[in-house]
Amino acid sequence: MSKKVRVRFAPSPTGGLHLGGVRTVLYNYLFAKKHGGDFIVRIEDTDQSRYVSGAEEYIFDCLRWCGLEPDESVQHGGAFGPYRQSERKPLYRKYAEQLIAAGHAYYAFDTTAELEEMREKFKSTENPSPQYDHHLRMKMRNSLTLSADETNSLLASNTPNVIRIKMPVGKTVSFQDMIRGEVSFDTSLVDDKVLLKADGMPTYHLAVVVDDYLMKITHAFRGEEWLPSAPVHLLLWQYLFGWEEMPQWAHFPLILGPHGKLSKRDGAKYGFPVFAMNWQDPKTGETTAGFREKGFLPAAFINLLALLGWNDGSEKEIFSKEELIASFDMARVHSGGAKFDYEKAKWFNHEWIKLTSASKLVPLVSHTFEMANLPITNVVLLEQVIAIVKDRCTVVTDFIEQGSFFFNRPTQIDTASILPKWNTEKSTFFDQLIHYYQQANPWTTGELEKICKDLALTHQLKTGELLLPLRIMLVGGKFGPGVFDIACLLGKEETLERLTQAKRLILQGA
Ligand code: GLU
């Protein structure tokens, strides 16, 4: 029987969640759900110097907003915890010591000053930043250069030390990437990475291998920026657990912005979001815009992310989460970078707003109005408004411009757009329109349109010339859905009130 699929997203809580990070979550999630597996979130917080408070909660809030809930995590529990690496600290040392015993790792006692000195001393034009590697390790203060007695006495006196991997010289290590095929590395080119730090905390390299093993991860997917670390992880797998145990790996391509890798700065510069939700850096106070606050629907957000680097082989672009789960295939993830296009992202959102029923949009739109200090009490009216304006809204915040005039009488009327073509005929027409609308029964879109058109005919006026002033009188400007739909929803009393008031303003200006 094949093993149950178990995948993990392993973020370091160092800041907001970038588009690329959410796409990694999404592909992990889709793969797990497609294969009836588990999706695990493991917090990789071993680098305490990069820890940012609030980042962990933020990550979970983002996943909740996207509808990509993990099966196991710090917040969801599970049988393989703890799911925060700092809480697993005691279990890593034994693996590092096992590597030393087998000759694959060593203790290093070099101080920061000594490391600095090494970098200065061996710096050359060909090698501007010398690394702690097979060229230099025998010139440093470690258990390879010191005698066993010296090493033991340093350890016994608690001299600060780290454990480093001893990278073999001149070996090729390779693996089959699910997206890229065979990827190989020359071990001589990789430095002797620290595995266990002086404070006893593992580095990412040791922790990721040990935890993927202990958590029975079957597939490890991550961004391509982690590819250079792969040779270290491959050797650790071989030395500690055997290659058969190693998960299958896939490295996702970068998401590209207008100039190379999509960055936070691109977002600020070009005015588009790069994070899932607004993120405020607790140190600098700087806020990076999120898709949620820009008015994206979660369904649209995951749809557009899924298509940034994958397609199902057809022209189909709109996929629900269920359809994505059914169609997702790692073999169809591209190996080249995927270019992010904000206009296209908005197109996805527009399609999803059209596809979503008005009743489903009510809570979100209502919240958006509230955030804009325009609280809505008439939810029945809100749903009707959403139904008639949603096809014009690209982002949820557009509902404010397209719909707020239903709830609040316009404070300004763009009379400047009416006056140049205003005349006595039109003035009489609108007086009569107000009169006939007073008697309109039933108050329906069709009836209101009929009254207006018949009256235009009687006055020998072109309907086209009357609709713009009528619209401006009702909403304040040249926007909004069909003008008779607007009047119908506003109701008789409000429509007549607005027409009368606007008419008065026009006459003042005429
Ligand atoms: N902690 C790494 C990160 O921040 C995880 C890389 C991996 O998935 O192996 O992305």
Side-chain angles (χ1 to χ4, degrees), residues 5-32 38-52 54-56 58-60 62-63 68 70 72-74 80 82-89 92 165 175 177-180 183 185 190 193-195 197 201-237 240-241 245-255 261-264 274-276 279 309 330 333:
V5 165
R6 288 175 58 81
V7 300
R8 87 297 189 279
F9 174 57
S12 299
T14 54
L17 197 54
H18 181 275
L19 270 187
V22 192
R23 191 193 54 182
T24 300
V25 173
L26 178 63
Y27 288 0
N28 267 290
Y29 179 95
L30 296 176
F31 186 86
D38 294 327
F39 167 51
I40 293 119
V41 171
R42 181 175 69 224
I43 299 296
E44 301 209 326
D45 59 347
T46 56
D47 189 351
Q48 302 278 310
S49 65
R50 294 181 62 223
Y51 182 84
V52 173
E56 185 183 307
Y58 168 90
I59 290 167
F60 285 107
C62 286
L63 301 197
L68 304 173
E72 295 169 27
S73 81
V74 174
F80 295 82
Y83 292 92
R84 203 181 275 121
Q85 281 180 333
S86 57
E87 290 170 25
R88 303 168 68 80
K89 183 177 169 187
Y92 301 105
I165 186 169
F175 74 97
D177 188 284
M178 289 170 77
I179 301 169
R180 290 150 206 271
V183 188
F185 304 87
V190 185
K193 296 259 186 268
V194 172
L195 301 177
K197 293 183 275 189
M201 200 58 114
T203 58
Y204 159 67
H205 304 294
L206 179 64
V208 76
V209 170
V210 169
D211 286 345
D212 280 353
Y213 172 76
L214 295 177
M215 294 183 176
K216 294 200 181 338
I217 299 301
T218 57
H219 298 79
F221 308 143
R222 56 188 181 186
E224 75 176 24
E225 65 274 25
W226 298 103
L227 213 43
S229 305
V232 178
H233 304 173
L234 282 169
L235 289 169
L236 291 178
W237 272 103
L240 290 171
F241 310 116
E245 296 293 323
M246 202 179 94
Q248 273 186 270
W249 285 353
H251 291 81
F252 300 138
L254 291 178
I255 296 186
K261 189 180 174 201
L262 179 71
S263 70
K264 215 167 74 171
V274 290
F275 283 180
W279 163 254
M330 200 56 86
V333 174

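All ligand and atom numbering here is 1-based and tracks the order in the structure. Just the heavy atoms: all of them, side chains too, but no hydrogens, waters or symmetry mates, feed the values below.
Counting the atoms of ligand 1 from 1 in the order shown, those under 4.0 Å from a heavy atom of Arg222 are 7 (C), 8 (O), 9 (O). Of all atoms in ligand 1, listed by their number and element, those nearer than 4.0 Å to a heavy atom of Glu44 are 1 (N), 2 (C), 5 (C). Within the listing of ligand 1, atoms 9 (O) sit less than 4.0 angstrom from a heavy atom of Val208.
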### Task
Please assess Trp226 against Tyr204 for the test ring-ring contact (aromatic ring centres under 6.0 Å, His included), listing each intermediate value before the final yes or no.
CA-CA 11 Å; Trp226 298 103; Tyr204 159 67; 4.6 Å; yes
### Task
Go through the steps for Tyr27 and Phe221 under the test ring-ring contact (aromatic ring centres under 6.0 Å, His included), then give the verdict.
CA-CA 8 Å; Tyr27 288 0; Phe221 308 143; 8.8 Å; no
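Given atom 4 (O) of ligand 1, the protein heavy atom at minimum distance is Ser12 OG, 3.2 Å. In this structure, the protein non-hydrogen atom closest to atom 2 (C) of ligand 1 is Ala10 O, 3.3 Å. Annotation: atom 8 (O) of ligand 1 to nearest protein heavy atom, Arg8 NH1, 2.8 Å.
Atom NZ of Lys216 has 12 or fewer neighbouring heavy atoms from other residues, nucleotides or ligands inside a 6.0 Å radius.
With respect to Arg6 and Glu72, a salt bridge is recorded, a charged nitrogen being found less than 4.0 Å from a carboxylate O.
Atoms CG and CD, from Asp211 and Gln85 in turn, are 4.5 Å apart once rounded to the nearest 0.5 Å.
In this structure, His233 and His205 have tilted ring planes: the angle between them lies in the 30° to 60° band.
Distances from ligand 1 to the non-hydrogen atoms of His233 include no value under 4.0 Å.
The heavy atom nearest to atom 7 (C) of ligand 1, out of those in Trp226, Phe9, Tyr204, Phe221, is found in Tyr204.
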